[in-house]
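Please read all numbers here as calculations on a predicted model, not as lab measurements. Residue indices begin at 1 and follow the sequence shown.
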Amino acid sequence: MIKTIGVLTSGGDAPGMNAAVRAVTRTAISKGMKVLGIRRGYNGLINGDIIELTERSVSDIIQKGGTCLYTARCHEFRTSEGVDLAVEKCKEIGLEGIVVIGGDGSFRGAADLSAKGILCVGIPGTIDNDISCTEYTIGYDTAMNTALEMVDKLRDTAQSHDRCSVVEVMGRNAGYIAVNAGIACGATEIITQEMPYDLDNIAKKMLETRKSGKQHFIIMVSEGIGNSSEIAHILQEKTGIEARATILGHVQRGGSPTVRDRVIASQMGHYAVELLAQGIGNRVVAMQNNSITDFDIQEALSMKKPFEEDLYNIAREIAF
Ligand code: ADP
């Protein structure tokens, strides 16, 4: 039975990462393991920035956004010398397994460590929900709710001035936040890179719906498209309706995690330690059909995830 495990957060932070760290720590302690918190992603492993986590050191973090272990990108770890340094550090301190909370890049690092004998289990943590093997990533629900709250506020002012509000939400190259926050806030149009769009058609729709009395508009743009200022400018030119762009940005990454994020983070953290306790590594914890399961890391990285085209079509069909 494995005696000491570590836990780290890597890549972009996401609300709910703390709940996962707490679940990993408490599950491992309840199984008689020692738990080490590796700080600032793989940097901490290379530099020895490591602290012992006790049941009390993870108290009072479940409700907090961000990550108490800090997170970072580590370029050195992408080299074989960097991975060797990390493996040496693991051997020196008796670290036999690591739970890596992050995205695809972090899982690639976890696969490299697993190949060198350090058991690693990944937990999907990113607000973007852009990890193919899983229906859900920790932080996604909180980020969508934050975006929704912001767009509701923008709607108040767009309504008062008969304006068009072009809102850019995060998601990196995926439009999941845009589509879900878009349908939830009643956006007139959702522009994401997964679906073709035509600004002439959007302008036409705005003018047509104005005839029936619609006076303000929300146009949701996903981060991968970018250019929200340019889109606002073009729509204003084409319609004569005043349009303003707002980029929500990093506000979507912060805040207290929602119930969904805390629950799933707790389930996934618990599941990851159960795998390590059985001596199983090189896996990613995932949600499929609403249940927690796991995949081989390489298999997980090669999977493809369908876009929510049905949801996108419903959103457009009812937005006029
Ligand atoms: P995310 O995990 O959110 O996708 P990144 O792609 O920035 O974020 O990856 C986070 C960290 O994971 C990187 O800074 C690096 O330390 C490690 N990493 C990323 N890609 C690789 C890779 N191909 N091989 C080894 N480690 C990697």
Exercise. Enter the distance from N129:CG to M287:CE here, rounded to the nearest 0.5 Å.
Key: 10.5 Å
Quiz item: Closest approach of I127 and A143, non-hydrogen atoms and distance?
Solution: CB-CB, 3.6 Å
Practice problem: Scan side-chain atoms only and decide if R22 and T25 contain a donor-acceptor pair under the 3.5 Å cut-off. | Solution: no
Exercise. Please assess I292 against V285 for the test side chain to side chain contact (heavy atoms under 4.5 Å, CB included), listing each intermediate value before the final yes or no.
Key: CA-CA 7 Å; I292 308 293; V285 180; 3.5 Å; yes
Quiz item: Roughly how far apart are T137 OG1 and I131 CD1, rounded to 0.5 Å?
Solution: 5.5 Å
Quiz item: Roughly how far apart are Y197 OH and I202 CD1, rounded to 0.5 Å?
Solution: 8.0 Å
Quiz item: Do the non-hydrogen side-chain atoms of V284 and D294 ever get within less than 4.5 Å of each other?
Solution: no
Quiz prompt | Side-chain heavy atoms of V221 within contact of I231, under 4.5 Å | solution = yes
Self-check item: Side chain Q252, main chain G249, donor-acceptor under 3.5 Å
Solution: yes
Self-check item: Side-chain heavy-atom pair E96, K3 within 4.5 angstrom cut-off
Solution: yes
Practice problem: Look only at the side chain of E194 and the backbone of G175, and say whether a donor-acceptor pair between them is shorter than 3.5 Å. | Solution: yes
Self-check item: Student check: side-chain heavy atoms of I191 and L199 closer than 4.5 Å
Solution: yes
Quiz item: Does S212 reach the main-chain N or O of T209 with its side chain, forming a donor-acceptor pair under 3.5 Å?
Solution: yes
Exercise. Please tell me if the side chains of I280 and L119 come closer than 4.5 Å, counting only heavy atoms from C-beta onward.
Key: no
Quiz item: Honestly curious: do M303 and V100 fall in one hydrophobic cluster under the side-chain, below-4.5 Å linking rule?
Solution: no
Quiz item: For residues N282 and D296, is any side-chain donor paired with an opposing acceptor at under 3.5 Å?
Solution: yes
Quiz item: Can R244 and S228 be counted as having a side-chain donor-acceptor contact under 3.5 angstrom?
Solution: no
Self-check item: Aromatic plane relationship, Y176 with F307 - under 30° parallel, 30 to 60° tilted, over 60° perpendicular
Solution: tilted
Quiz item: What heavy-atom pair brings N18 and C68 nearest, and what distance separates the two atoms?
Solution: OD1-N, 2.7 Å
Exercise. Start with the C-alpha distance between V167 and I219, add both sets of side-chain angles, then the distance that settles side chain to side chain contact (heavy atoms under 4.5 Å, CB included), and finish with yes or no.
Key: CA-CA 6 Å; V167 192; I219 308 291; over 6 Å; no
Quiz item: Under 4.5 Å between any side-chain heavy atoms of D49 and N43, yes or no?
Solution: no
Quiz item: If two hydrophobic side chains count as joined below 4.5 Å and joins carry through other members, does I101 share a cluster with M268?
Solution: yes
Practice problem: Spell out, yes or no, whether I314 and Y312 are grouped together once hydrophobic residues are joined by side-chain heavy atoms under 4.5 Å, including indirect joins. | Solution: yes
Exercise. Begin from the C-alpha positions of E208 and K211 and carry the test salt bridge (charged side-chain N to carboxylate O under 4.0 Å, His left out) through to its verdict.
Key: CA-CA 5 Å; E208 267 164 22; K211 281 189 206 142; 5.7 Å; no
Quiz item: Quick one: do the Y140 and D128 side chains pair a donor with an acceptor below 3.5 Å?
Solution: no
Practice problem: Show the numbers, then the answer: is there a side chain to side chain contact (heavy atoms under 4.5 Å, CB included) between E242 and R163? | Solution: CA-CA 5 Å; E242 194 183 354; R163 267 188 200 137; 3.3 Å; yes
Quiz item: Do M220 and V251 share a hydrophobic cluster, counting only Ile, Leu, Val, Met, Phe, Trp and Tyr and linking them when any side-chain heavy atoms are less than 4.5 Å apart?
Solution: yes
Quiz item: Is a side-chain N or O of S165 found less than 3.5 angstrom from the main chain of I218, in a donor-acceptor match?
Solution: no
Self-check item: Within 45° cone and under 6.0 Å: R39 NZ/CZ vs Y70 ring
Solution: no
Practice problem: Answer yes or no: does atom NZ of K305 have more than 12 heavy-atom neighbours from other residues, nucleotides or ligands under 6.0 Å? | Solution: yes
Exercise. Please confirm whether R78 makes a cation-pi placement over Y42, using NZ or CZ under 6.0 Å from the six-membered ring centre and within 45° of the ring normal.
Key: no
Quiz item: Is there a donor-acceptor contact under 3.5 Å from the side chain of Q278 to the main chain of E274?
Solution: yes
Exercise. Report yes or no: do I98 and L276 belong to one cluster of Ile/Leu/Val/Met/Phe/Trp/Tyr joined by side chain heavy-atom distances under 4.5 Å?
Key: no
Self-check item: Rounded distance (nearest 0.5 Å) linking atom NZ of K205 with atom OG1 of T239
Solution: 14.0 Å
Quiz item: For I190 and A315, which heavy atoms make the closest approach, and how far apart are they?
Solution: CD1-CB, 3.6 Å
Practice problem: Determine, step by step, whether D84 and K116 satisfy the side chain to side chain contact (heavy atoms under 4.5 Å, CB included) criterion, reporting the C-alpha distance in whole Å, the side-chain angles of both residues, the deciding distance to 0.1 Å, and the verdict. | Solution: CA-CA 8 Å; D84 287 344; K116 300 219 160 168; 2.6 Å; yes
Self-check item: Residue pair R155 / C185, side-chain heavy-atom distance below 4.5 Å
Solution: no
Quiz item: Under 3.5 Å, is there a donor-acceptor pair linking the side chains of Q159 and D162?
Solution: no
Quiz item: Could you state the interatomic distance from CG (L248) to CZ (R253), rounded to the nearest 0.5 Å?
Solution: 14.0 Å
Quiz item: Would you find a donor on one side and an acceptor on the other, under 3.5 Å apart, between the side chain of R283 and the backbone of L275?
Solution: no
Exercise. Establish, from distance only, whether the side-chain atoms of E168 and S222 form a donor-acceptor pair under 3.5 Å.
Key: no
Practice problem: Take R316 and E189 through the test salt bridge (charged side-chain N to carboxylate O under 4.0 Å, His left out) and record every step on the way to the result. | Solution: CA-CA 6 Å; R316 296 192 71 223; E189 272 291 346; 3.0 Å; yes
Quiz item: Can you tell me how far CZ of F107 sits from OG of S114, rounded to the nearest 0.5 angstrom?
Solution: 11.5 Å
Practice problem: Find out whether T188 and K214 are in side-chain contact, i.e. whether some heavy atom of one side chain is under 4.5 Å from a heavy atom of the other. | Solution: yes
Exercise. Please say which of N145, I138, T142, T258 ends up in a side chain to side chain contact (heavy atoms under 4.5 Å, CB included) with P15.
Key: T142
Practice problem: Would you kindly say whether N180 and E308 are connected by a side-chain donor-acceptor distance under 3.5 Å? | Solution: yes
Quiz item: Got more than 12 heavy atoms from elsewhere within 6.0 Å of NZ, K91?
Solution: no
